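Computed from a predicted model, the values in this text were never measured in an experiment.
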Amino acid sequence: MSEVPEVRPPVVTPVRVIIAVCLLAPFVAMLWVGSYAKTDPEFIGIPFFYWYQMLWVLVSTALTMTAYKLWQRDQRARKGGAGK
């Protein structure tokens with residue numbers, strides 16, 4: 001009879017909390033419409049409502065990239081540093 005592999009519960013670590021914050025921040029920022037539903041201040045003639053959302057496209061990219069790199073590092077550390 002084959003052995004069933006041990007199933008360990010997920011581990012909450014500070015790095016994983018940071019990953020979660022990186023991935024949740026854009027959602028919170030965009031769903032909280034009342035915080036940016038205004039026209040002032042304008043940036044090069046573009047109302048705040050629009051340039052704020054476009055700024056979050058760049059911020060979201062950076063946060064997702066950061067979360068991915070942290071996740072890779074976390075997985076390598078859990079596997080004993082094997083791989084690159």
Handout entry: W51 side chain vs I44 backbone, donor-acceptor pair below 3.5 Å
Key = no

Problem - Donor-acceptor contact below 3.5 Å, side chain S35 vs main chain W32 - result: yes

Exercise for the section: Heavy atoms only: give me the nearest A67-C22 pair and the separation to one decimal. Expected result: CB-CB, 4.0 Å

Problem - Contact summary for Y52 and M30, nearest pair of heavy atoms - result: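 Y52 and M30 have their closest heavy atoms at CE2-CE, 3.6 Å.
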
Do [X] and [Y] come within less than 4.5 Å of each other through their side chains, counting heavy atoms only?
| X | Y | result |
| --- | --- | --- |
| V59 | L63 | yes |
| Q53 | Y36 | yes |
| T39 | F48 | no |

Exercise for the section: Could you note down all residue pairs passing salt bridge (charged side-chain N to carboxylate O under 4.0 Å, His left out) where residues 60-74 supplies at least one of them, sequence neighbours left out? Expected result: R16-D74

Handout entry: Co-membership, hydrophobic cluster, residues V33 and I46, 4.5 Å side-chain
Key =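 Linked within one cluster.
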
Exercise for the section: Establish whether L55 and F43 are linked, either directly or via other cluster members, by ILVMFWY side-chain heavy-atom contacts under 4.5 Å. Expected result: yes

Practice task
Could you please spell out the steps behind the side-chain contact (heavy atoms from CB on, under 4.5 Å) verdict for V11 and R78?
Solution key: CA-CA 10 Å; V11 179; R78 286 177 57 92; 3.6 Å; yes

Practice task
If you link ILVMFWY side chains whenever their heavy atoms are less than 4.5 Å apart, which other residues fall into the same cluster as I18? By chain and number, please.
Solution key: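 Joined to I18, directly or through intermediates: V15, I19, L23, L70, W71.
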
